[in-house]
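Have a look at the structure below, then the notes.
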Amino acid sequence: MSSRWGAPPYRDACRAAGQDAARGPVFRNHRGGRLTTRSVARLLERHVLTSGTTAKATPHALRHTFATHLLGAGADLRAIQELLGHASLSTTQRYTHVDLRRLMEVYDRAHPRA
């Protein structure tokens, strides 16, 4: 999907790097390569500083928040597990900071005989 000004910048960067924009990483650096963990942290740090907030934000905290909000909005715990790449459902349960009442609701829906 091109804009009226041409291809989106990431597509240009992918072409320049000899990579196919339709394959590989979704989030790319300015050269078209994969973003590293550190570059994501730097980007986040820059945006937090320019926002003027005093809150501490890290990529890991955003990951927790993402999972917790998905669950709070009614997403299936198994779907969240898959999105986060967890092998164990118990890891996802700890990761999402779920209150016990909400966890029991999800459990009861998933296991009707429980």
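Judged as a side-chain hydrogen bond (donor to acceptor under 3.5 Å, both in side chains), and not counting sequence neighbours, T50 has no contacts. Every residue two or more places apart in sequence or in another chain was checked for a side-chain hydrogen bond (donor to acceptor under 3.5 Å, both in side chains) with R34, and none qualifies. Evaluation of the side chain to side chain contact (heavy atoms under 4.5 Å, CB included) rule for T54 yields no partner, not counting sequence neighbours. Not counting sequence neighbours, S51 has no partner by the side-chain hydrogen bond (donor to acceptor under 3.5 Å, both in side chains) test. When the side-chain hydrogen bond (donor to acceptor under 3.5 Å, both in side chains) test is applied to H86, the partners found at least two apart in sequence or on another chain are T92.
Considering all non-hydrogen atoms of both residues, V48 and A55 come closest at CG1-O, 3.7 Å. Closest heavy-atom contact between L84 and A67: CD1-CB, 3.7 Å. Scanning all heavy atoms of the two residues, the minimum distance from A41 to P59 falls at CA-CG, 3.8 Å.
The ring pair (Phe, Tyr, Trp, His ring centres under 6.0 Å) analysis of residues 42-62, with sequence neighbours excluded, yields the pairs H60-H64, H60-Y95.
Interatomic distance, CG of L77 versus CD of E82, reported as 12.5 Å (0.5 Å rounding). Separating the CG atom in L71 from the CD atom in Q81 is a distance of 12.5 Å, to the nearest 0.5 Å.
Open room surrounds CZ on R78; 12 or fewer heavy atoms of other groups in view lie less than 6.0 Å from it.
Criterion: ILVMFWY side-chain heavy atoms under 4.5 Å apart, direct or through other members. Under it, L89 and I80 are part of a common hydrophobic cluster.
Between the side chain of R109 and the backbone N or O of D76 there is no donor-acceptor pair closer than 3.5 Å.
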